[in-house]
Amino acid sequence: MPTSLYQDDLHRNLLLEDASDEGLAVQSNHHVIVHGDQAMLLDPGGHKSFERIHFDIQSLSPGIRLRYLFLSHQDPDILAATNSWLMVSQAEALISTLWLRFLPHFGLDTDFESRIIPLPDQGTWLDLGGAPLVALPAHFLHACGNFQLYDPRAKILYSGDLGASFGMDYRVVSSFSAHVPLMEGFHRRYMASNRALRAWAQMIRHLDIEIIAPQHGAAFVGKEMCQRFITWCENLTCGCDLMTDLFTIPTPTHQS
Ligand code: FE
């Protein structure tokens, strides 16, 4: 059953149950925004998720049309099943212009290439059946071409891998300090630099945010909790800030 993050008479924001969280597969959240009869699916996932997520979307209500796939970046847990989604819908897939020529290597039929819409580095406003949404630049957090999506009606920021956490059994963060160890290691290694995080925080503080919903793990709910997360990001050293010691040639293990 989908979890509702926001609902009014015309607009719904739903979190679909993950379908690939087994074995080595990383736990992933799949979000849907429905406005009127149009829907956007964010970070649809790979082949293991496709059947379940497709079923869930078909079950939402009859007549809902999948208008957009929002692909925050190029990782397989985001877009490996893009071709299947384009086969079963008339949706357009939105992705950074940097990844346009790489996506076909996931088995994209040439017939569908015209439905891949490149997002420019500076981001863009989108229209979902009359509801404005904005694709925000979040480059280097973690991919070099990386977008987040803000829904001003629901006041939800879909933050992709930023805010990802692993190993908890809850869906909403209740204690920020207890949650930090579940996201810190990932952010220190995957996020490119504190400079990128500070630029992101400066941009994001202009928005009215009630929920920050990452693609993995628990969500930050309430203005205060969202602000705590933004401040944590702003002060985090990560990626290139920490990597210099790692660039050494490994000690040989073979006999010469
Ligand atoms: Fe990723």
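When reading the values below, keep in mind they use all heavy atoms of this one structure, side chains included, and skip hydrogens, waters and symmetry mates. Each ligand, and each atom within it, is numbered from 1 in the order the structure gives. Bear in mind the structure is a predicted one, so any value in this text is a computation, not a measurement.
For Asp75, the N/O/S atom at the shortest distance from the Fe ion (ligand 1) is named OD2. The Fe ion (ligand 1) sits nearest to atom OD2 when only the N, O or S atoms of Asp161 are considered.
For CE of Met87, the number of neighbouring non-hydrogen atoms (other residues, nucleotides, ligands) closer than 6.0 Å is 12 at most. By the 6.0 Å contact criterion, CD on Glu224 is open, its count of non-hydrogen atoms from other residues, nucleotides or ligands being 12 or less.
With hydrogens and angles left out, the side-chain atoms of His216 and Asp77 include a donor and acceptor closer than 3.5 Å.
Annotation: cation-pi geometry satisfied between Arg115 and Phe112 (NZ/CZ under 6.0 angstrom from ring centroid, within 45° of ring axis).
Note on Asp77: not counted as a metal contact of the Fe ion (ligand 1), no N/O/S atom lying under 2.8 Å.
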